[in-house]
Amino acid sequence: MSEPVLELQKLQTWYNEGNHVLSGFSLQLWPQEVVGLIGLNGAGKTTFLKTLSGLHEKFRCDGIRLHGQPAAFRDKGFKLCRYTVFAEDNSFRYFTFREYLSYVVAAYKKELPDVAGLVEGFHFESYVNTLLKDLSTGNRKKVFLMTAFALRPELLLLDEPVNGLDFQSTEYLYQLIGGYKEHGTVLFSSHILESITLTSDRVLVLEKGQLRRSFEGEEINATNIREALQDEKEP
């Protein structure tokens, strides 16, 4: 059996010492899988993705391994294998999509890809030369999603990727996520059950900073996940 792309042992994160957001959080991500992360508001989903992305520094972890080798979230090698699309991102406001894509591709030391299919799929033809600051929330989200799927990192991290998208773009995004396994591994958080059940090979339920349940294969359905989330609400 192949080794995990990423393995974490007992990750802890906090904003105020003594009040942990994540505690005892252990995880393995395998090659060519789509993993959905779901939990109630405040469960720690966004904090986890920010920590993986090197943007949250208040953490401890007993072990971080990338392809079986010790790693750190801010190591150059780790950065070059992952790309994150956040739920909200107001950076690079004075870049156009094409300028931003060129910048990212150069930073990741890759050749500029053909994005015609992505632009058409997201119905973005009229906005490719528009500054990000002048785009709607949904179209700004499309810029980062198109960049992510054009870049094809080995580990693609998506935080609430459906937020702000229109119906057609949401359907297209589901296709992209479902087909991404030939390029790498996807870990995404969502509060929308449809996005989880339609695309995930594995679903992780995050409760009060810990992974409490996981579902695979035929276990992944709206009923099971609703019941798991309902259990979280009970005292």
Side-chain angles (χ1 to χ4, degrees), residues 2-7 27-37 48-50 52-55 64-69 71 73-87 89 91-92 95-125 127-128 132 139-165 168-190 195-196 198-202:
S2 61
E3 65 185 5
V5 174
L6 178 66
E7 185 171 10
L27 173 71
Q28 290 180 326
L29 296 178
W30 298 90
Q32 284 77 50
E33 71 168 342
V34 176
V35 179
L37 182 65
F48 173 53
L49 291 177
K50 285 183 176 179
L52 279 186
S53 304
L55 300 179
I64 305 170
R65 302 184 76 84
L66 183 67
H67 294 298
Q69 300 300 313
F73 298 137
R74 295 188 63 82
D75 282 351
K76 183 177 180 180
F78 189 87
K79 290 179 181 179
L80 289 176
C81 85
R82 61 106 181 105
Y83 180 87
T84 308
V85 177
F86 293 102
D89 193 337
S91 59
F92 297 92
F95 279 48
T96 66
F97 163 58
R98 294 199 181 280
E99 290 170 340
Y100 176 70
L101 177 65
S102 296
Y103 170 82
V104 171
V105 168
Y108 279 77
K109 305 183 187 307
K110 294 189 176 183
E111 295 184 3
L112 193 66
D114 180 0
V115 294
L118 289 166
V119 170
E120 181 180 358
F122 279 112
H123 304 283
F124 200 76
E125 294 91 338
Y127 306 102
V128 290
L132 268 64
N139 278 328
R140 224 170 22 247
K141 172 66 74 65
K142 293 177 186 180
V143 166
F144 298 110
L145 286 170
M146 288 188 295
T147 300
F149 285 99
L151 187 65
R152 294 180 177 175
E154 185 177 13
L155 181 57
L156 178 56
L157 308 175
L158 307 174
D159 184 19
E160 300 287 355
V162 175
N163 283 11
L165 295 185
Q168 288 179 313
S169 295
T170 297
E171 292 293 301
Y172 181 60
L173 176 61
Y174 291 162
Q175 294 177 33
L176 291 175
I177 292 175
Y180 196 78
K181 288 182 282 188
E182 66 178 275
H183 307 299
T185 297
V186 180
L187 172 67
F188 76 103
S189 71
S190 181
S195 62
I196 293 285
L198 287 178
T199 61
S200 301
D201 300 308
R202 190 157 51 107

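- Between Ala71 and Leu66, the shortest heavy-atom distance links the atoms CB-CB, 3.9 Å.
- Separating the CG atom in Leu151 from the CZ atom in Arg82 is a distance of 11.0 Å, to the nearest 0.5 Å.
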Step-by-step side-chain contact (heavy atoms from CB on, under 4.5 Å) determination, Asn139 to Lys141: CA-CA 5 Å; Asn139 278 328; Lys141 172 66 74 65; over 6 Å; no

ring-ring contact (aromatic ring centres under 6.0 Å, His included) between Phe124 and Tyr127, intermediate numbers included: CA-CA 6 Å; Phe124 200 76; Tyr127 306 102; 5.6 Å; yes

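- Of all heavy-atom pairs spanning Leu52 and Phe78, the tightest one is O-CE2, 3.2 Å.
- The side-chain heavy atoms of Gln32 and Glu182, taken from C-beta on, include no pair separated by under 4.5 Å.
- With rounding to the nearest 0.5 angstrom, the CG atom of Leu6 is 11.0 Å from the CZ atom of Arg65.
- For Leu165 against Lys142, the heavy-atom pair with the smallest separation is CD2-CG, 3.9 Å.
- Residues Thr185 and Trp30 come closest through the heavy atom pair OG1-O, 2.7 Å.
- Of the candidates Thr84, Val34, Leu145, Leu49, Leu145 is the only one forming a side chain to side chain contact (heavy atoms under 4.5 Å, CB included) with Leu158.
- Taken from CZ in Arg202 to CG in Leu29, the straight-line distance is 6.5 Å, to the nearest 0.5 Å.
- Between the CG atom in Leu187 and the OG atom in Ser189 there is a gap of 7.5 Å [rounded to 0.5 Å].
- Formation of a donor-acceptor pair under 3.5 Å by the Asn163 side chain with backbone atoms of Ala87 is not found in this model.
- With values rounded to the nearest 0.5 angstrom, Leu101 atom CG is found 5.5 Å from Leu112 atom CG.
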Verdict with reasoning, Phe188 to Leu156, per side-chain contact (heavy atoms from CB on, under 4.5 Å): CA-CA 8 Å; Phe188 76 103; Leu156 178 56; over 6 Å; no

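- No side-chain N or O of His67 forms a donor-acceptor pair with one of Glu7 less than 3.5 Å apart.
- Of all heavy-atom pairs spanning Leu132 and Thr96, the tightest one is CD1-C, 3.7 Å.
- Surrounding OH of Tyr103 are at most 12 heavy atoms belonging to other residues, nucleotides or ligands under 6.0 Å away.
- Annotation for Gly117 and Tyr172: closest pair O-OH, 3.4 Å, computed over non-hydrogen atoms.
- Residues Lys50 and Asp159 form no side-chain contact, since every pair of their non-hydrogen atoms from C-beta on lies 4.5 Å or further apart.
- Partner of Phe149 under the side chain to side chain contact (heavy atoms under 4.5 Å, CB included) criterion, out of Val85, Leu176, Val115: Leu176 alone.
- By the 6.0 Å contact criterion, CD on Glu120 is open, its count of non-hydrogen atoms from other residues, nucleotides or ligands being 12 or less.
- Put simply, CG on Leu37 and CD1 on Ile196 are 7.5 Å apart, with the number rounded to the nearest 0.5 Å.
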Intermediate values then yes/no, side-chain contact (heavy atoms from CB on, under 4.5 Å), Arg152 and Tyr180: CA-CA 8 Å; Arg152 294 180 177 175; Tyr180 196 78; 3.9 Å; yes

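- The closest donor-acceptor contact from the side chain of Lys110 to the backbone of Val105 lies at 3.5 Å or more, if one exists at all.
- Remark: the backbone N or O of Ala116 is paired with a side-chain donor or acceptor of Asp114 at under 3.5 angstrom.
- Between Tyr100 and Phe144, the ring center distance clears the sub-6.0 Å criterion.
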side-chain contact (heavy atoms from CB on, under 4.5 Å) between Ser53 and Phe73, intermediate numbers included: CA-CA 7 Å; Ser53 304; Phe73 298 137; over 6 Å; no

